[in-house]
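For reference, the structure discussed in these notes is given below.
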Amino acid sequence: MLLFPLARLARPMLGLLLTGISACTQIIKPGRQFTAYQPAPGPDYALPASWAALPSRLDSADAVPRHTTLRDQQQTAPADVFYVHPTTFFRRESWNANLADERLNRFTDASVIRKQASAFNSAGRIFAPRYRQATLYSFFDDAQSTNGRQALELAYGDVKAAFQYYLTHYNQGRPLIIASHSQGTFHATRLLHEFFDNDPKLRRQLVAAYLIGFKVKTDEYQTLRPCADSTQTGCYVVWNSVEWGNEYPPFAGGVATNPLSWTLDTVAAPASLNRGGVPYGFDRLDTAVVDAKVHDGLVWIHPPKPLGYPRFLLPGQPQLRHSFHIADYGLFYLNLRQNAEARVRTWQRQNQ
């Protein structure tokens, strides 16, 4: 169920998969211990270059799928969106990404900022920090090692600093959506602990948190609760897309929200409720692309018939082959977009 848009990774690694080489995640394992690396310089969030998306400039978060009538509405949007992107760094040169890596930044912008963060550009102004994300292997690191944990801790430090800067310099009391995917959700879940769960004032600003693509426990927070319907505010939404009938023990017992009905029950929602998925090519809307049913921390779907919604084929990790992790946003793109708008409208009515 981890961790990032893998379509480009899959191409150079496909030969390894086809030749049956096992445990291929070892080829992306950094060659030295975390403490043997000098981390790249940290971000200065006063600099626009430290942000992948800001509402004051043209960037990938302003995009909308081609051949659709959707429009970027950030300039008049009533809310803000703080979006934490998933893992796009999987090389073995270090445990954490270098923010000066322009090739990586371009990939991040063209993939997840464009194809995930953009889902919110009709509901809010989008702020998406660059951060020294942990490399993909951090999530597969040996349980006896602290390398992956240390890499994730460094990454979270940047995300936290970005959010603090955002609150001080940009928010100005506006309603706020937290949005994330995969590694981004790993960090965003912690942000909610440290900033919202025990802060009534900030919690009143929370429209909703979309904590997609990672496990969030049902009792994760003392105060915050999962959203129970499509318009509740001050709550959080979670889903992980998997082919119907499959289990994933690491996520068992977690929260799962049905992104077609926006409920927590296990009633199957038909594909007719799917207002439009957006494939990886970001070039169309596919109505009724998949159904959805909550099951033990997962959202079961029947595989989509249109092309462009890839499975998570990571060499050496066959247990993930039923996962549609890469397409968590794309499969439900228009439902997500419209739901964010609806929750913002509800927040506005509640706070008039």
Side-chain angles (χ1 to χ4, degrees), residues 4-7 52-53 59-74 77 79 81 83-86 88 108-124 126 128 177-182 184-185 207-214 227 230 237-242 256-262 269-292 299-312 323-344:
F4 73 114
L6 202 61
D59 53 48
S60 293
D62 306 340
V64 294
R66 297 187 300 279
H67 310 124
T68 71
T69 60
L70 301 180
R71 295 289 181 267
D72 170 41
Q73 300 176 51
Q74 290 183 74
V81 178
Y83 166 81
V84 190
H85 71 73
T88 55
T108 301
D109 295 351
S111 56
V112 293
I113 302 299
R114 181 180 179 84
K115 298 167 186 177
Q116 293 187 356
S118 67
F120 299 97
N121 66 22
S122 60
I126 299 173
I177 292 171
I178 302 292
S180 57
H181 188 244
S182 202
T185 291
V207 175
Y210 293 88
L211 304 176
I212 301 169
F214 211 85
C227 299
S230 63
V237 166
V238 186
W239 74 76
N240 297 280
S241 310
V242 179
T257 308
N258 190 317
L260 299 183
S261 65
W262 301 104
S272 60
L273 295 179
N274 192 312
R275 297 182 180 276
V278 175
Y280 198 75
F282 207 64
D283 56 357
R284 65 179 191 266
L285 280 175
D286 295 319
T287 57
V289 65
V290 290
D291 50 4
V299 167
W300 280 354
I301 64 168
H302 287 98
K305 293 180 180 179
L307 298 177
Y309 302 92
R311 294 172 185 263
F312 192 25
S323 171
F324 282 88
H325 181 72
I326 301 168
D328 276 333
Y329 270 69
L331 288 164
F332 307 103
Y333 187 95
L334 192 53
N335 290 72
L336 174 58
R337 185 180 184 89
Q338 294 179 348
N339 182 253
E341 295 170 6
R343 291 188 199 273
V344 169

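No hydrogens, no waters, no symmetry mates; every other heavy atom, side chains included, goes into these values.
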Near Arg284 CZ, under 6.0 Å, is it more than 12 heavy atoms from other residues, nucleotides or ligands? yes
Taking the inter-plane angle between the rings of Tyr83 and Tyr329 on a 0 to 90° scale, is it parallel (under 30°), tilted (30 to 60°) or perpendicular (over 60°)? perpendicular
Considering the options Gln73, Arg114, Gln74, Arg71, which one meets the side-chain hydrogen bond (donor to acceptor under 3.5 Å, both in side chains) requirement together with Asp62? Gln74
Would you say [X] and [Y] make side-chain contact, with heavy atoms under 4.5 Å?
X: Pro259; Y: Val299; result: yes
X: Ser111; Y: Thr88; result: yes
X: Ile301; Y: Val242; result: no
X: Tyr309; Y: Pro303; result: no
X: Pro65; Y: Leu70; result: yes
X: Phe324; Y: Val290; result: no
X: Asp291; Y: Pro270; result: no
X: Pro86; Y: His325; result: no

Do you know the tightest heavy-atom contact between [X] and [Y]?
X: Cys227; Y: Val237; value: SG-CG2, 3.7 Å
X: Phe120; Y: Ala340; value: CD2-CB, 3.8 Å
X: Ala179; Y: Val81; value: CB-CG1, 4.2 Å
X: Asp109; Y: Ala52; value: OD1-CB, 3.7 Å
X: Leu331; Y: Pro304; value: CD2-CG, 4.1 Å

Residues [X] and [Y]: side-chain donor-acceptor under 3.5 angstrom:
X: Asp283; Y: His67; answer: no
X: Asn121; Y: Arg337; answer: yes
X: Asp328; Y: Ser241; answer: yes

Distance check, rounded to the nearest 0.5 Å: [X] atom [atom1] versus [Y] atom [atom2]?
X: Ile212; Y: Phe332; atom1: CD1; atom2: CZ; answer: 10.0 Å
X: Leu336; Y: Trp262; atom1: CG; atom2: CH2; answer: 5.5 Å
X: Ser230; Y: Asn258; atom1: OG; atom2: CG; answer: 11.5 Å
X: Ile113; Y: Thr108; atom1: CD1; atom2: OG1; answer: 7.0 Å
X: Ser60; Y: Lys115; atom1: OG; atom2: NZ; answer: 10.0 Å
X: Asp286; Y: Leu334; atom1: CG; atom2: CG; answer: 11.5 Å

Salt bridge (Lys or Arg N to Asp or Glu O under 4.0 Å) with Asp59: which residues, sequence neighbours excluded? Arg57
Looking only at atom types and distance, does a side-chain atom of Asn274 sit under 3.5 Å from a main-chain N or O of Leu260, one as donor and one as acceptor? no
Side chain of Asn240, backbone of Phe214: donor and acceptor closer than 3.5 Å? yes
